[in-house]
Amino acid sequence: MIPADDLHAQFPPDFVWGVATSSFQIEGAAQEDGKGESIWDRFCRQPGVIADASDGLVACDHYHRLDGDLDLIASLGVDAYRFSISWPRVQPLGFGAWNEAGLAFYDRLVDGLLARGVRPYVTLNHWDFPQALQERGGWAQRDTVHRFVDYARGIQRRLGDRIAAITTHNEPWVIAMLGHESGTFAPGIKSRRTAIQVAHHLLLSHGLALQALRADGAQARLGIVLNLAHIEPATETPADQAQMRIDDARGRRWYTDPLFKGCYPQEVLDELGGDAPVVEPGDLATIATPLDYLGVNYYSRGVASADGSFDAARSGLALTEMGWEIYPRGLTELLLTLHREYRLPPVYITESGGAFKDALTADGRVHDTDRTEYLRSHIAAVAEALRQGVPMAGYMVWSLMDNFEWASGYAKRFGIVYVDYASRQRTLKDSARWYRDFLAGRY
Ligand code: IFM
C-alpha cells in the first residue's frame with residue numbers, strides 16, 4: 001500500500017495530469033454561430049428520454065464563458081485539458097462546408113490553453129454527431145467512415161500544429177450499444193445487428209483516420225478512448241466464470257482484440273451468428289493500425305452472474321450516485337489484464353471520477369470528501385499498475401465541472417467544480433482544492 005501522503009512521488013515527472021470534459025456536455029450555444037444540429041440536440045427533444053427533461057441548449061454555457069473557464073483550468077495546475085470538438089459546430093452537416101465561427105472557437109480554446117501552459121488533448125467524436133449525417137444512415141452506413149476521415153483531416157489542418165493529442169472516438173461501445181442497441185442514448189435506435197455494424201464502422205473509421213492523419217504529417221499523438229471495466233464472476237461456479245469470460249469478450253475484447261491483434265473474439269462472432277458485422281477484406285488490418293496511446297475510461301467493475309441475480313446495491317461496496325460500485329482495485333486489475341494480453345502503447349486514464357450528492361454549504365464551499373477519496377484511491381490504483389510495469393502515461397479527472405450527464409440530465413454531478421445551473425457560477429469543490437494541492441506535490 002502506498003502511504004496517502006506519498007502518492008504524488010509515485011509518479012514520474014513527465015506523467016500527464018489533467019481534467020476532462022466534452023463539447024455537448026458543457027458548451028451550450030447549441031443553435032449559435034452557424035452550428036448544425038447534432039443527434040443529441042434532436043434526441044433531447046423526444047419526451048421521456050432524459051431523466052429531468054433537460055437538454056444541451058445552454059448546458060454550462062462554456063461557449064460564452066471560455067476565458068473564465070480557461071483560467072479555472074489553469075488555476076488547478078494541470079498539465080493537460082481533454083475536451084472534444086462538436087463536429088456539427090465546425091462542419092454543420094458532417095460533410096461539405098466548414099463553419100468558420102465554430103473553428104474559430106476551438107482556435108481560441110487551444111490558444112488560450114497554450115497561453116496558460118496547458119496541453120490540449122482533443123477528442124474528435126464524443127457523441128454529438130451531425131444530425132444531417134444521421135439522416136444519411138449515420139454510423140450504420142459505411143460511407144460515414146469516409147466522412148469522419150475528412151472531418152479528422154480538417155481538424156488536423158486547422159489545429160494540428162498546436163495540440164498534443166487527437167483521440168478519434170470516445171467510448172465506441174457506448175455509441176454502438178446505448179445509441180443503437182438499447183436506444184437509451186442518441187440516436188435512439190434499437191437493433192443489435194445495427195449496433196454491431198456501427199461498432200465495426202467506428203473502429204474502421206478510427207484506423208483510417210490514423211492512417212490519413214499520419215499521411216498528412218500528424219504532429220499530435222494519435223489514439224482512441226475506450227470505456228473498460230474489470231469483470232469479476234459473482235461466485236466461483238463454472239457458470240459464473242463462463243459468464244465472466246463472455247461478458248469480458250463482448251464489452252472489452254470486442255474493441256481491444258481488433259485494435260491490438262487485428263481480429264474479433266471468435267466466441268462473440270459465434271454468438272452473434274447472423275448479426276455479425278459485415279467486414280471487408282483489409283478492414284481488420286486497418287483497425288489494428290498502431291496507436292500512439294490508449295485512453296481508458298474506468299468507473300467501476302462489472303460482476304458476471306449466469307442467472308443475472310447480482311445486485312450492486314447489495315454487494316456491500318459503496319456506490320456513487322450513478323449506482324456504480326466504488327472499486328479502485330478493479331482499475332489496477334484491468335490495467336494488468338491489458339498489459340498481460342497486449343503490447344500496450346502508453347496508457348492514459350482519460351476519465352476517472354464519480355457522481356456524488358453535492359451541496360453548496362453556507363460557507364460557500366462543497367465538502368465532497370467522498371469524491372476526494374474516490375480520486376485518491378483511483379490514483380493510488382494507477383500508481384500500483386505503474387509499479388507493476390504497465391506503461392501508464394497520464395490521468396485525467398472526469399470531470400472539470402458538473403455538466404449534462406446524458407440521459408441522466410443535470411442531476412448527476414461529476415465535476416470537481418460545482419456549477420450553479422441558475423447563475424452558471426462555478427465554485428471549486430473541496431475535491432478540486434485537493435487535486436490542485438496534490439498536483440502541487442503536497443500529497
Ligand atoms: O459523462 C460521461 C462521459 O461523457 C463519458 N464517460 C462516462 C461519463 C460518466 O457517465
Side-chain angles (χ1 to χ4, degrees), residues 18-28 38-41 43-44 49-52 54-56 59-60 62 81-87 121-129 167-179 182 184-187 202 223-230 251-252 255 294-302 312 319-327 330-331 334 348-358 368 370-371 374-375 378 394-419 421 431:
V19 283
T21 62
S22 87
S23 46
F24 191 82
Q25 293 178 275
I26 66 165
E27 283 179 3
S38 81
I39 56 171
W40 272 93
D41 293 317
F43 187 69
C44 289
V49 296
I50 309 295
D52 56 5
S54 62
D55 55 43
C60 303
H62 170 69
Y81 175 54
R82 174 177 179 247
F83 64 95
S84 75
I85 291 181
S86 159
W87 184 353
Y121 277 59
V122 171
T123 300
L124 296 174
N125 174 22
H126 198 127
W127 312 350
D128 43 357
F129 181 79
T167 289
T168 51
H169 302 294
N170 180 73
E171 305 183 352
W173 179 91
V174 172
I175 301 171
M177 307 316 285
L178 303 189
S182 69
T184 49
F185 277 18
L202 286 165
I224 190 166
V225 166
L226 304 177
N227 56 305
L228 301 176
H230 165 65
R252 179 180 67 84
Y255 299 88
L294 172 69
V296 173
N297 294 350
Y298 175 86
Y299 288 92
S300 189
R301 67 170 179 173
L319 306 180
T320 68
E321 279 292 287
M322 298 296 282
W324 301 343
E325 294 176 310
I326 301 177
Y327 198 63
L331 176 53
L334 168 69
Y348 291 81
I349 302 305
T350 32
E351 288 182 23
S352 170
F356 293 97
K357 265 205 179 75
D358 295 323
D368 58 338
D370 32 20
R371 182 175 290 102
Y374 186 103
L375 297 179
H378 284 76
Y395 176 92
M396 306 196 184
V397 172
W398 185 269
S399 176
L400 165 67
M401 63 177 110
D402 296 334
N403 58 49
F404 177 75
E405 179 52 27
W406 308 110
S408 306
Y410 291 97
K412 305 286 185 246
R413 294 177 175 270
F414 275 90
I416 56 172
V417 173
Y418 185 86
V419 177
Y421 289 113
S431 57

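Quick caveat, the model's predicted, so the values are computed rather than measured. Order of listing sets the numbers, starting from 1, for every ligand and every atom in it.
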Atoms of ligand 1, numbered as shown, that sit under 4.0 Å from any heavy atom of [X]:
| X | answer |
| --- | --- |
| E171 | 5 (C), 6 (N), 7 (C) |
| H126 | 3 (C), 4 (O), 5 (C) |
| E351 | 3 (C), 5 (C), 6 (N), 7 (C), 8 (C) |

Quick check on side chain to side chain donor-acceptor pair (under 3.5 Å): which of S86, S84, S38 does S23 satisfy it with? S84
As a test of understanding, state which of N227, N297, T350, N125 forms a side chain to side chain donor-acceptor pair (under 3.5 Å) with E171. N297
Ignoring angles and geometry beyond distance, decide whether [X] reaches within less than 3.5 Å of ligand 1 through its nitrogen or oxygen atoms.
| X | value |
| --- | --- |
| S22 | no |
| W398 | yes |
| W406 | yes |

Part of W324 with heavy atoms under 4.0 Å of ligand 1, whether side chain, backbone, both or neither: side chain
Under 3.5 Å, is there a donor-acceptor pair linking the side chains of Y374 and S352? no
Between N403 and Q25, do the side chains contain an N or O donor and an N or O acceptor separated by less than 3.5 Å? yes
Aromatic ring proximity, centroids under 6.0 angstrom, Y410 and F404: yes
Centre-to-centre under 6.0 Å for W40 and F185, is that the case here? yes
Which residue and heavy atom of the protein sit nearest atom 8 (C) of ligand 1, plus the separation: Y299 OH, 3.4 Å
Could you check atom 9 (C) of ligand 1 against the protein and tell me its nearest heavy-atom contact, residue, atom and distance included? E405 OE2, 3.4 Å
Would D358 and R371 count as a salt bridge (Lys or Arg N to Asp or Glu O under 4.0 Å) here? Give the steps. CA-CA 10 Å; D358 295 323; R371 182 175 290 102; 3.0 Å; yes
